[in-house]
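This one's a predicted model, so the numbers in the text were calculated from it and none came from an experiment. Values below: every heavy atom of this structure, side chains too, minus hydrogens, waters and symmetry copies. Sequence lines set the chain letters: A, B, ... in the order given, protein chains first and strands last, and positions in each chain run from 1.
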There are 2 protein chains.
Amino acid sequence: MKGIRQLAEHLDISIGTVSRALNGKPDVNEETRKRVLAAAEQLGYVANQSGRSLRQGTTNVIGLMIQSSRETVENSDNFFLTVTGGLQSVFSRHKLDLVMLPCPHDEDPYEYLKRMVARRIVDALIISETQRVDKRFDLLAKTKIPFVALGRSLSDGNASWIDLDFDGVVNSAVDRLVAHGHRRIAISAPSSDINLGFVFVEGYRRALERHGIIHDPALVIRAKSSEQGGYQVADELLRLEDRPTAVILIYELMAIGFYRRVMESGIIPGRDIAVVGFREAPRAKFLQPPLTCFRTSLHDLGVELAEILLSGMPAYSEEYPGKTRQTIWPLELMPGESDAFELGTKK
Amino acid sequence: MKGIRQLAEHLDISIGTVSRALNGKPDVNEETRKRVLAAAEQLGYVANQSGRSLRQGTTNVIGLMIQSSRETVENSDNFFLTVTGGLQSVFSRHKLDLVMLPCPHDEDPYEYLKRMVARRIVDALIISETQRVDKRFDLLAKTKIPFVALGRSLSDGNASWIDLDFDGVVNSAVDRLVAHGHRRIAISAPSSDINLGFVFVEGYRRALERHGIIHDPALVIRAKSSEQGGYQVADELLRLEDRPTAVILIYELMAIGFYRRVMESGIIPGRDIAVVGFREAPRAKFLQPPLTCFRTSLHDLGVELAEILLSGMPAYSEEYPGKTRQTIWPLELMPGESDAFELGTKK
DNA sequence: CTGAAAGCGCTTACAG
DNA sequence: CTGAAAGCGCTTACAG
């Protein structure tokens, strides 16, 4: 089966009627519509997307740009695949397909995005891994293509985004640690310019301040967001002359490497050092002692992300009224045993 | 900047000439070409893909279909993101863009693929997570769209594929364990119908046979391919009356849960039970004792996959001559300490 | 309710 | 070397 012309010939009616029947337009005889649908099904006809897109000016495809930078590849821990499920559950209601657009390592994300936008492969975009300063916001705003960011940025220009509640996490972690008697609390931060690192560290500083603890820059350890990075964080902490009694780790996987390194030195998390992880991950469940961390539903995050995006697209906006365009996504504390001791009572 | 028409008007030449200049056709005055390229750059003009595709009958996009089944989400461990890097390094040479097509959980992969093919969003496809019987091969063969599979299948119909050397891994693992005195060797297998599970278990049986060991079906434990699955495998093994002395795990993440469960019973891998893992993963490096496993370059696998695909596309085949269309991808043994003891010498 | 026709934005024979 | 025109496969006003 080639195109709509062949299908129309086969049915001995005009292509216009075939098109209307297939697209569920009114003013088509029910009998005719049935014949058309049956023939299309039988001959496996589906409209060529290029033809449709050209005519309608819309592709019915939404793009999710991911960086797959080496750092992310190591740690994203299928973050995106889970979010994707949530996105699709919304998009499928509108017959929108989701494609993931992986920006190659060796290509500049800005140039890559520019190309994707210009080619008009997608109707709307979701960008992720937002940087502190991220020119992609300006680009997308300028081209007027609907988009939403997974992650905030100084460059957001009042555009839509949704972001994890890093501030809430770090506040909760600091409160908890201070309540257990800790004053020297270290924190890990990503080595890249990804904005969440700044948000995380800023929240940490404010939380310390709130408790009247003086911030010591030496306690902010930059490392890759992977097991290896966690190992390195532990290594650096162990070398500090005035060693912290607690640490807050960003990214779930770091805990694995961190545990390993401190244990090599005979230091037990939850007894000799307090550890609070970030997002709950399957891996974390298998750490001993169990890691105190934060839970959230990435599927639901995807749903929200999709709805915010659609609320900004004229064709769908009325179905998603009153969406807040900038949302902080909450996480819930899951107390483990990795920070369950009172400072001073440790032997 | 809207379309080629506006650009042509701005330059006061015909759209035909603009198109030829932009597409690097010969027979364009160098002076004219420069003017066109400069104007396009300045005005940010890039050809609308729908227009091009419709005219040329090609989209210059390659699709990688991924299932993101719940099982995969948990364990794929960024397998795909790494392979993607290799794919892109080849495609980018031909100005082909790669998009990932995630099939939603609740949609039948066959129907999803059918839709993607019919819409002609991509010129060629890579499918993954091949099932033992996988109708997608027939579908793609019938529609004559170029494709290659990441994973073999009984349904391959002589189509192109590349697959990890499961047989080689399991042979090497069994040989090693037998050399250390083991005779009761268990193996884990995926709980789904993914073909690699069958290949793995069949290889295991033949390897045992080669050593004159009678195969005990009770030693093939089916479980999800995740940490949780590894935990469960250990749990089931511990319950066997005639407990195996060694186990071969499929999927890298299982080792984490496996270690945890046996250690809960005071059983130490590499001392009380021999463990051989599958693909080397960052996580595995942080297990103690270090896991014996197998290393391979997923980036290079992606390169090979891309080349096999292009060798089957008329427009590119002459640049990739003599490609073997069905390839077993090797893995290299990385000896750890998790199986480093002689049976009988354990205390 | 249906058909004939226009036109979306491109590329590419064909003339000149 | 350049321009005018056809046509890729659709959808959608417009007639009837």
Side-chain angles (χ1 to χ4, degrees), chain A residues 1-37 39-40 43-61 95 115 117-123 143 145 315, chain B residues 1-37 39-40 43-61 95 115 117-123 143 145 315:
Chain A
M1 173 53 44
K2 286 282 303 296
I4 197 172
R5 190 138 266 135
Q6 283 72 13
L7 181 58
E9 263 170 32
H10 175 259
L11 286 162
D12 204 27
I13 55 179
S14 75
I15 61 167
T17 301
V18 171
S19 173
R20 282 189 292 268
L22 251 24
N23 289 299
K25 301 282 174 184
D27 285 359
V28 176
N29 183 302
E30 261 321 304
E31 179 63 26
T32 310
R33 188 191 302 278
K34 270 188 199 145
R35 279 182 61 219
V36 172
L37 290 176
L43 299 171
Y45 171 79
V46 177
N48 176 309
Q49 189 59 39
S50 298
R52 293 195 92 179
S53 299
L54 192 55
R55 172 63 226 235
Q56 302 196 116
T58 144
T59 62
N60 296 313
V61 177
K95 304 220 173 202
R115 207 171 80 234
V117 168
R119 290 180 64 184
R120 311 210 160 253
I121 270 178
V122 297
D123 292 341
T143 60
I145 189 170
Chain B
M1 173 54 44
K2 285 280 304 298
I4 196 171
R5 189 138 267 133
Q6 283 72 13
L7 181 57
E9 264 170 31
H10 174 259
L11 286 161
D12 204 26
I13 56 179
S14 75
I15 60 167
T17 300
V18 171
S19 173
R20 280 190 293 267
L22 251 23
N23 289 299
K25 301 281 174 185
D27 286 359
V28 176
N29 184 302
E30 263 320 304
E31 179 62 26
T32 310
R33 189 192 304 278
K34 270 188 199 144
R35 279 183 60 220
V36 172
L37 289 175
L43 299 171
Y45 170 80
V46 177
N48 176 309
Q49 190 58 38
S50 298
R52 292 194 93 180
S53 299
L54 193 55
R55 173 63 227 234
Q56 301 198 117
T58 142
T59 62
N60 296 313
V61 176
K95 306 218 170 201
R115 205 171 82 234
V117 168
R119 290 180 65 184
R120 307 206 165 258
I121 272 178
V122 298
D123 291 342
T143 60
I145 189 171

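Interatomic distance, A:Ser50 OG to B:Asn48 CG, rounded to the nearest 0.5 Å: 9.0 Å. The distance from the CD1 atom of A:Ile4 to the CD1 atom of A:Ile15 is 6.0 Å, given to the nearest 0.5 Å.
Protein chain A contacts DNA chain D over a range whose 5' and 3' limits, counting nucleotides with an atom under 4.0 angstrom from a non-hydrogen atom, are D:dG9 to D:dA13.
Within the structure, salt bridge (Lys or Arg N to Asp or Glu O under 4.0 Å) pairs that include any residue of residues 25-35 of chain B comprise B:Glu30-B:Arg33 (at least two apart or interchain).
Mapping A:Thr17 and A:Gly51 onto DNA chain C by nearest heavy atom places A:Thr17 closer to the 5' end of the strand. Each of B:Arg33 and A:Gln56 was matched to the nucleotide of DNA chain D holding its nearest heavy atom; the match closer to the 5' end belongs to B:Arg33.
For the pair B:Arg119 and A:Asn60, the minimum side-chain heavy-atom distance is below 4.5 Å. The shortest distance between side-chain heavy atoms of A:Thr17 and A:Leu11 does not fall below 4.5 Å. Taking 4.5 Å as the limit, some side-chain heavy atom of B:Leu37 sits within range of a side-chain heavy atom of B:Leu22.
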> B:Ile13 and B:Val36: side-chain contact (heavy atoms from CB on, under 4.5 Å), yes or no, with the steps?
Replying inline: CA-CA 9 Å; B:Ile13 56 179; B:Val36 172; 3.8 Å; yes
> Could you go step by step and tell me if A:Thr59 and B:Gln49 meet the side-chain contact (heavy atoms from CB on, under 4.5 Å) rule?
Replying inline: CA-CA 10 Å; A:Thr59 62; B:Gln49 190 58 38; over 6 Å; no
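When heavy atoms are screened at a 4.0 angstrom cut-off, B:Ser50 is found touching no nucleic acid atom at all. B:Gly57 comes within 4.0 angstrom of nothing in the nucleic acid, heavy atoms only. A:Asn48 comes within 4.0 angstrom of the backbone, heavy atoms only, and of no base. Within the 4.0 angstrom heavy-atom criterion, base atoms lie near B:Ile15. Using a 4.0 Å heavy-atom cutoff across all strands shown, B:Thr32 reaches sugar-phosphate atoms only and no base atom.
Consecutive Watson-Crick or G-U pairs involving DNA chain D, each under 3.5 Å on both distances, make up stems of three or more pairs at C:1-3 with D:14-16, C:5-12 with D:5-12, C:14-16 with D:1-3.
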